[in-house]
Trainee: 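Submitted below is the structure of interest, expressed as structure tokens.
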2 protein chains.
Amino acid sequence: MSINTYEYDEVKELSRLFKLLAEPNRLNILCNLGMECRPVSDIISATGLSQTNVSFHLRTLREAGLVRPERRGSFVYYCLPDVKLLSLLEQTKEWIKLRREA
Amino acid sequence: MSINTYEYDEVKELSRLFKLLAEPNRLNILCNLGMECRPVSDIISATGLSQTNVSFHLRTLREAGLVRPERRGSFVYYCLPDVKLLSLLEQTKEWIKLRREA
DNA sequence: CACACATATGAGTATTAACACATATGAATA
DNA sequence: TATTCATATGTGTTAATACTCATATGTGTG
């Protein structure tokens, strides 16, 4: 007897995504990338994080397919491959804001 | 010089929410609650988790305002106070599915 | 090829959080 | 009030992961 309308595997996959988004520095990198491609050096100066740390988070995001690297000369540019994710983040932010006011 | 269109505080708040959703058992509890109010005992049997563990996760969700407890006799029913969250979860699941197929 | 710059990786450390166990609280009923 | 059922909480352990330091890889240029 179960109240499940969700497959547990689906839930696990969903939670895997949320875990990626749950680290503030990593999420900050994602949010600030927006739909523009930026070299790592830009991300470093924008976030104020160490080079190593940015690289560390970019690897995680890259391996999950949430950002895509693109080499241009000696620089590596990173971009979001999908607008939809940003829109989901935006909606969630809106929800938080409404909830706070309520 | 920053590429930020997001306030960092906003990002941190967003990440706090994602952290709550990132634990698979906790997310499972949330998803399966749906918009119905259910006693803890139901959640325990539906998830197969220990009583202590369910209580532990419910506390986290409760303190974050993601679920609301309601005592009815010796039972405590839990409900989601807001449909919008479920809809966000649903959209995110859809996004994952589309992405997997692409 | 040597050197400088941009980025990535491996190892070690420290913090966090999920979970179990034991126990406490609270409600109902005898 | 004693007992039982439903749920909550405190403490300790363990596993995961964010971060740093040192170093490696890769690319362009003299």
Side-chain angles (χ1 to χ4, degrees), chain A residues 1 3 8 11-33 36-79, chain B residues 1 3 8 11-33 36-79:
Chain A
M1 174 213 62
I3 56 180
Y8 187 62
V11 171
K12 270 205 300 197
E13 200 174 357
L14 197 50
S15 81
R16 235 174 284 135
L17 171 65
F18 287 139
K19 187 179 282 180
L20 289 169
L21 303 175
E23 212 293 312
N25 289 327
R26 195 157 51 216
L27 184 59
N28 198 29
I29 291 173
L30 257 193
C31 286
N32 287 306
L33 260 184
E36 301 214 32
C37 290
R38 295 180 184 280
V40 178
S41 52
D42 269 27
I43 300 174
I44 291 170
S45 57
T47 57
L49 299 174
S50 73
Q51 183 269 316
T52 310
N53 198 11
V54 168
S55 226
F56 168 74
H57 285 306
L58 283 176
R59 159 145 67 163
T60 312
L61 293 170
R62 185 195 336 128
E63 288 178 347
L66 295 189
V67 296
R68 184 194 301 132
E70 188 179 317
R71 192 171 263 286
R72 300 187 195 167
S74 55
F75 291 79
V76 177
Y77 281 67
Y78 276 88
C79 343
Chain B
M1 173 214 63
I3 56 179
Y8 187 62
V11 171
K12 270 205 298 195
E13 200 174 356
L14 196 50
S15 80
R16 234 173 286 134
L17 172 64
F18 287 139
K19 186 179 281 180
L20 289 169
L21 303 175
E23 213 293 313
N25 290 326
R26 195 157 49 219
L27 184 60
N28 198 30
I29 291 174
L30 258 193
C31 287
N32 288 306
L33 260 185
E36 301 214 32
C37 289
R38 293 179 185 282
V40 179
S41 52
D42 268 26
I43 301 175
I44 292 171
S45 57
T47 57
L49 299 174
S50 73
Q51 183 269 317
T52 310
N53 199 12
V54 168
S55 224
F56 168 73
H57 286 305
L58 283 176
R59 157 144 71 163
T60 312
L61 292 170
R62 185 196 335 129
E63 287 177 349
L66 295 189
V67 295
R68 184 194 302 131
E70 188 180 317
R71 191 171 264 285
R72 302 189 194 165
S74 55
F75 291 79
V76 178
Y77 281 67
Y78 277 88
C79 344

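Throughout, protein chains are lettered first and strands after them, A, B, ... in sequence-line order, and every chain is numbered starting at 1. Owing to the predicted nature of the structure, the values given are computational and were not obtained by experimental measurement.
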Trainee: Scan nucleotides 5-17 of chain D nucleotide by nucleotide, 5' to 3', and note B when protein non-hydrogen atoms come under 4.0 Å of the base, S if they reach only the sugar-phosphate, - if neither.
Mentor: -SBBBS------S
Trainee: Taking A:Arg38 for its side chain and A:Val40 for its backbone only, find out whether a donor-acceptor pair lies under 3.5 Å.
Mentor: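 Answer holds: no.
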Trainee: For C:dA17, does either OP1 or OP2 sit under 4.0 Å from a side-chain N or O belonging to B:His57?
Mentor: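 Checking B:His57 against C:dA17: no side-chain N or O falls below 4.0 Å of OP1 or OP2.
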Trainee: Check A:Val76 against A:Tyr78 and note the closest heavy-atom contact, atom names and distance.
Mentor: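 Scanning both residues, the minimum pair turns out to be CG1-CE1, 3.6 Å.
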Trainee: Check the distance between C:dA17's C1' and B:Asn25's CG and give it to me in whole angstrom.
Mentor: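 For the pair B:Asn25 CG and C:dA17 C1', the rounded distance is 13 Å.
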Trainee: Does the side chain of B:Asp42 come within less than 4.5 Å of B:Pro39's, by heavy atoms?
Mentor: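 Contact flag for B:Pro39/B:Asp42 side chains = yes.
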Trainee: Expressed in angstrom and rounded to an integer, what is the separation of B:Arg16 atom CZ from C:dT16 atom C1'?
Mentor: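 The answer, rounded to whole Å, is 16 Å.
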Trainee: Check this one for me: any side-chain N or O of B:Asn53 less than 4.0 Å away from OP1 or OP2 of C:dC21?
Mentor: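 So the side-chain polar atoms of B:Asn53 never come under 4.0 Å of the phosphate oxygens OP1 or OP2 of C:dC21.
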Trainee: Indicate yes or no: does B:Arg68 engage B:Glu70 in a salt bridge with an N to O separation below 4.0 Å.
Mentor: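 No, no charged N to carboxylate O under 4.0 Å.
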Trainee: Find the distance A:Ile29:CD1 to C:dT7:C1' and express it as a whole number of Å.
Mentor: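 For the pair A:Ile29 CD1 and C:dT7 C1', the rounded distance is 13 Å.
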Trainee: Does any non-hydrogen side-chain atom of A:Leu58 lie less than 4.5 Å from one of A:Ile43?
Mentor: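 A side-chain contact under 4.5 Å exists here.
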Trainee: Once you round it to whole Å, what is the distance between C1' of C:dA8 and CD1 of A:Ile43?
Mentor: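 Answer to the nearest Å: 14 Å.
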Trainee: Return all side-chain donor-acceptor pairs below 3.5 angstrom for residues 11-26 of chain B, not counting sequence neighbours, or 'none' if the list is empty.
Mentor:
unit_1	atom_1	unit_2	atom_2	d
B:Glu13	OE1	A:Arg100	NH1	2.7
B:Glu13	OE2	A:Arg100	NH1	3.3
B:Ser15	OG	B:Lys12	O	2.8
B:Glu23	OE1	B:Asn25	N	3.0
B:Glu23	OE1	B:Arg26	N	3.1
B:Asn25	OD1	A:Tyr8	OH	3.1
B:Arg26	NE	B:Leu20	O	2.8
B:Arg26	NH2	B:Lys19	O	3.3

